Participant: 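Shown below is the structure under consideration.
Computed from a prediction, not measured in an experiment: that's the story for all the values here. When reading the values below, keep in mind they use all heavy atoms of this one structure, side chains included, and skip hydrogens, waters and symmetry mates. Lettering follows sequence order; numbering is per chain, from 1.
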Number of protein chains: 2
Amino acid sequence: MPGAIQSLSRAAAILRLLAGGERRLGLSEVATGLGLAKGTAHGILRTLQQEGFVEQDPDSGKYQLGAELLRLGQSYLDVHELRARALVWADDLARAAGETVYLGVLHQRGVLVVHHVFRPDDTRQVLEVGSMQPLHATALGKVLLAYDPVARGELGDGPWEAFTPRTVTEPAALDAQCALVRERGWADAVEETWEGVASVAALIQDRRRNPVGAVCVSGAVETVCEGGAVRPSLVASVRTAARAISRDLGAHRF
Amino acid sequence: MPGAIQSLSRAAAILRLLAGGERRLGLSEVATGLGLAKGTAHGILRTLQQEGFVEQDPDSGKYQLGAELLRLGQSYLDVHELRARALVWADDLARAAGETVYLGVLHQRGVLVVHHVFRPDDTRQVLEVGSMQPLHATALGKVLLAYDPVARGELGDGPWEAFTPRTVTEPAALDAQCALVRERGWADAVEETWEGVASVAALIQDRRRNPVGAVCVSGAVETVCEGGAVRPSLVASVRTAARAISRDLGAHRF
DNA sequence: ACCACCGGTCGGCCATGCCGACCCCACCTG
DNA sequence: CAGGTGGGGTCGGCATGGCCGACCGGTGGT
């Protein structure tokens, strides 16, 4: 495969840099952060600004991400076939389970949330569509790790970050869990990412049985678990929903 | 101002092209659509794919937008100061008004929705964050047109598209409405975008009193209007919310 | 008043990305 | 099954487009 276009790769790196740091960044910060000459960084930033991918604060001259990214991100969702098919199933699942539902796909070294149904009560919740979850410490992630070789490859050898005392950080333990996931057909994560939160997830396949994503139900340990384990009825609901979405995608052809 | 980086502008054009067409596009379609040589288009697409901005369907070889855009779009929202300040006020406004609340900023020739609070009932609603609304046919748009010279410039001379019989399509009529908006301090749009839907909007300013966005309450004509005009209490709520957000941004310094 | 550092510009050199011809494969089509 | 068509993808040579480092003008701190 021939090489990549230099200026484009650099532009992407700049966008990621701006997305990473919470605050706005100055021209010099960007340039030194990526080891570029100031003039080079400026040229790229200028173009990105013209295209709307980057905005500049008139006072400080510092740069931040631009609105066009939001618009394009929305367009990504509009085209996303998995998400479109899953919308109604996710809704039903949330209602039946009485808990939050996430829909995630593999993206780089994490799970990207492409759909999110609020827990059906009136508490204030923030939409997490577009955010990333760790592969090794969530139910969504463990499903993808278990079935998608690419995901396991991306993750590398660990040890990985521990978010709680229960997070699995060692490769051997994680691979054992993945084997269990494949055997049972579903994954759980009880207080492995956040204290007090437990989740169950199941795989979604496309028409050729390739793993394309996962559904997950997530909620307080007190309501999701029973006697230390995830409630069987929840597991059943999640697996049924996953099968329904897969069927919708055409997985029933075999 | 020196010129833009060619390959970057082209890459942006490709992304917009992919965002525009609802379906996936092939290499040749992209190339001819933008008047590029196939090899050139391929090089850019290859790089965009490596960076995650574009994905390729393994079967058809066709291209679509990539997940990285969703992630970056989310990062844009995270950093967005106006949105962060407005979150809680928008929530209160929706609850008080019993209607949908939108928060919009000027972007190119339209209003980009950066926040959306669902109408506080249990009907199914789709999140419109990241979508665009027309400047000339929405309350949000008319506020921005009235106060932001850039917006008026972007819009050009018309006549503009009519979405309903009540849409304002002529420059003279629209400019008159903008004058009225400036005089009253708020804008309305009754069945100008969608039949049966009416909205009220007010301006949000930053610390230097520059227009940075607008808040809007939107709902069925039957509940929003009274005797052909928008209910005064709603207007008051919206204007109060807009002032509160502006104050939060530091507009009180004068 | 000075200096340090900021964002921004400029011009020359040369690596870089552009182009058009070419390849291979899948799918029609007669 | 041969031939044709159009798909995505590759390649190499030419020249152009973008990179770099030196250079501005303004600003805020000392």
Side-chain angles (χ1 to χ4, degrees), chain A residues 1-18 21-66 79 207-208 210 253, chain B residues 1-18 21-66 79 81 207-208 210 250 253:
Chain A
M1 167 163 46
I5 291 175
Q6 190 186 47
S7 54
L8 262 182
S9 298
R10 287 173 168 178
I14 288 181
L15 289 178
R16 271 193 290 269
L17 186 68
L18 288 174
E22 284 309 304
R23 57 187 230 292
R24 294 187 254 258
L25 295 178
L27 172 60
S28 305
E29 289 174 288
V30 171
T32 60
L34 297 174
L36 298 175
K38 249 193 325 182
T40 307
H42 180 61
I44 296 173
L45 280 168
R46 190 200 315 127
T47 309
L48 286 174
Q49 186 184 6
Q50 283 172 15
E51 303 293 343
F53 291 95
V54 148
E55 289 168 7
Q56 187 176 24
D57 185 46
D59 297 334
S60 59
K62 291 184 185 296
Y63 294 92
Q64 62 175 338
L65 294 182
V79 182
R207 50 192 82 81
R208 281 199 321 280
N210 289 121
R253 302 196 317 187
Chain B
M1 168 164 42
I5 292 175
Q6 190 187 47
S7 54
L8 262 182
S9 299
R10 288 173 167 179
I14 288 181
L15 289 179
R16 270 193 290 271
L17 186 68
L18 289 175
E22 284 309 305
R23 57 185 231 294
R24 294 186 253 257
L25 295 179
L27 171 60
S28 305
E29 290 174 288
V30 171
T32 61
L34 297 174
L36 298 175
K38 251 196 320 182
T40 308
H42 180 61
I44 296 173
L45 279 169
R46 190 199 318 126
T47 309
L48 286 174
Q49 186 184 4
Q50 284 172 14
E51 303 293 343
F53 290 94
V54 147
E55 290 168 6
Q56 187 175 24
D57 185 45
D59 296 335
S60 60
K62 290 183 185 299
Y63 295 92
Q64 63 174 334
L65 295 182
V79 182
E81 190 181 354
R207 51 193 81 81
R208 282 199 320 281
N210 289 119
R253 302 198 316 189

Participant: Let me know the distance between CD1 of Ile44(B) and C1' of dG8(D), rounded to the nearest Å.
Facilitator: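 The answer, rounded to whole Å, is 16 Å.
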Participant: Would you indicate whether the side-chain heavy atoms of Tyr63(B) and Val54(B) approach each other to under 4.5 Å?
Facilitator: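 Yes - at least one pair of side-chain heavy atoms lies under 4.5 Å apart.
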Participant: Please determine if a side-chain N or O atom of Tyr63(A) lies less than 4.0 Å away from the OP1 or OP2 oxygen of dG8(C).
Facilitator: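 Checking dG8(C) against Tyr63(A), a side-chain N or O does come within under 4.0 Å of OP1 or OP2.
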Participant: Taking atom P of dG8(C) as reference, at what distance in whole Å does atom CG of Leu48(A) sit?
Facilitator: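 Taking atom P of dG8(C) as the reference, CG of Leu48(A) is at 13 Å.
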Participant: Answer yes or no: is there a side-chain heavy-atom contact under 4.5 Å between Leu34(B) and Ile14(B)?
Facilitator: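 Yes, close enough: below the 4.5 Å cut-off.
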Participant: Starting at CG of Asp57(B) and ending at C1' of dG9(D), how long is that distance when rounded to a whole Å?
Facilitator: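 Taking atom C1' of dG9(D) as the reference, CG of Asp57(B) is at 16 Å.
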Participant: CD of Glu29(A) versus P of dC6(C): gap in Å, rounded?
Facilitator: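 Atom-to-atom, Glu29(A) to dC6(C), this comes out as 8 Å.
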Participant: Heavy atoms under 4.0 Å is the rule here; annotate nucleotides 25-30 of chain D 5' to 3' with B where the base is hit, S where only the sugar-phosphate is, and - elsewhere.
Facilitator: ------
Participant: Among residues 5-15 of chain B, which residues get a heavy atom nearer than 4.0 Å to DNA chain C?
Facilitator: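 Close to the strand are Gln6(B), Ser7(B), Arg10(B).
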Participant: Please tell me if Gln56(A) has a side-chain N or O lying less than 4.0 Å from either OP1 or OP2 of dG7(C).
Facilitator: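 It does not, given that no N or O in the side chain of Gln56(A) lies less than 4.0 Å from OP1 or OP2 of dG7(C).
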Participant: Please report the shortest heavy-atom distance between Ala12(A) and Glu51(B), naming the atom on each side.
Facilitator: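 Closest pair (atom of Ala12(A), atom of Glu51(B), distance): CB-OE1, 3.5 Å.
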Participant: Scan Ser28(B) against the nucleic acid and name what it touches under 4.0 Å (heavy atoms): base, sugar-phosphate only, or nothing.
Facilitator: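 Sugar-phosphate, backbone atoms only, no base.
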Participant: Begin with the C-alpha distance, continue with both residues' side-chain angles, and end with the deciding distance and a verdict on side chain to side chain contact (heavy atoms under 4.5 Å, CB included) for Arg10(B) and Thr40(B).
Facilitator: CA-CA 10 Å; Arg10(B) 288 173 167 179; Thr40(B) 308; 3.8 Å; yes
Participant: Which atom pair, heavy atoms only, marks the closest approach of Val30(B) to Ala41(B)?
Facilitator: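 Nearest pair, atom of Val30(B) first, then Ala41(B): CG1-CB, 4.5 Å.
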Participant: Do the non-hydrogen side-chain atoms of Ile5(A) and Ile44(B) ever get within less than 4.5 Å of each other?
Facilitator: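 Sidechains of Ile44(B) and Ile5(A): in contact.
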Participant: For Lys38(A), answer base if it contacts any base atom (sugar-phosphate contacts may also be present), sugar-phosphate if it contacts only those atoms, and nothing otherwise; contact means non-hydrogen atoms under 4.0 Å.
Facilitator: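 Here Lys38(A) touches the bases of the nucleic acid.
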Participant: Phosphate oxygens OP1/OP2 of dG7(C): is one of them under 4.0 Å from a side-chain N or O of His42(A)?
Facilitator: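 For dG7(C), OP1/OP2 do not have a side-chain N/O of His42(A) under 4.0 Å.
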Participant: Evaluate the side chain to side chain contact (heavy atoms under 4.5 Å, CB included) criterion for residues Leu65(A) and Val79(B): first the C-alpha distance (whole Å), next the side-chain angles of each, then the deciding distance (0.1 Å), finally the verdict.
Facilitator: CA-CA 8 Å; Leu65(A) 294 182; Val79(B) 182; 5.8 Å; no
Participant: Quick one: are Leu27(A) and Lys62(A) in side-chain contact, heavy atoms under 4.5 Å?
Facilitator: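 With C-beta onward as the side chain, the pair stays apart.
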Participant: Starting from the 5' end of DNA chain C, give me the residue, Ala41(B) or Leu27(A), whose nearest nucleotide shows up first.
Facilitator: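 Counting from the 5' end, the first nearest nucleotide belongs to Leu27(A).
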Participant: Hey, is Glu81(B) close enough to Arg24(A) for a salt bridge, meaning N to O under 4.0 Å?
Facilitator: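 Here Glu81(B) pairs with Arg24(A) in a salt bridge, since their nearest N and O are under 4.0 Å apart.
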Participant: Want to settle it: does Leu36(B) or Leu25(A) sit nearer the 5' end of DNA chain C, counting the closest nucleotide to each?
Facilitator: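 Nearest nucleotide further toward 5': that of Leu25(A).
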Participant: Would you classify Gly39(B) as touching base, sugar-phosphate or nothing, given that sugar-phosphate means primed atoms plus P, OP1 and OP2, and contacts are heavy atoms under 4.0 Å?
Facilitator: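 Base, at least one base heavy atom under 4.0 Å.
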Participant: For residues Thr47(A) and Ser9(B), report the shortest heavy-atom separation together with the two atoms involved.
Facilitator: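 For Thr47(A) and Ser9(B), the tightest heavy-atom pair comes out as CG2-OG, 3.7 Å.
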Participant: Taking atom C1' of dT9(C) as reference, at what distance in whole Å does atom CD of Gln49(A) sit?
Facilitator: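 That distance rounds to 15 Å.
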Participant: Given atom CZ of Arg46(B) and atom P of dG17(C), what is their separation to the nearest angstrom?
Facilitator: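 Answer to the nearest Å: 11 Å.
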Participant: Just how far, in rounded Å, is C1' of dA26(C) from NZ of Lys62(B)?
Facilitator: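 Checked: the NZ to C1' distance equals 13 Å.
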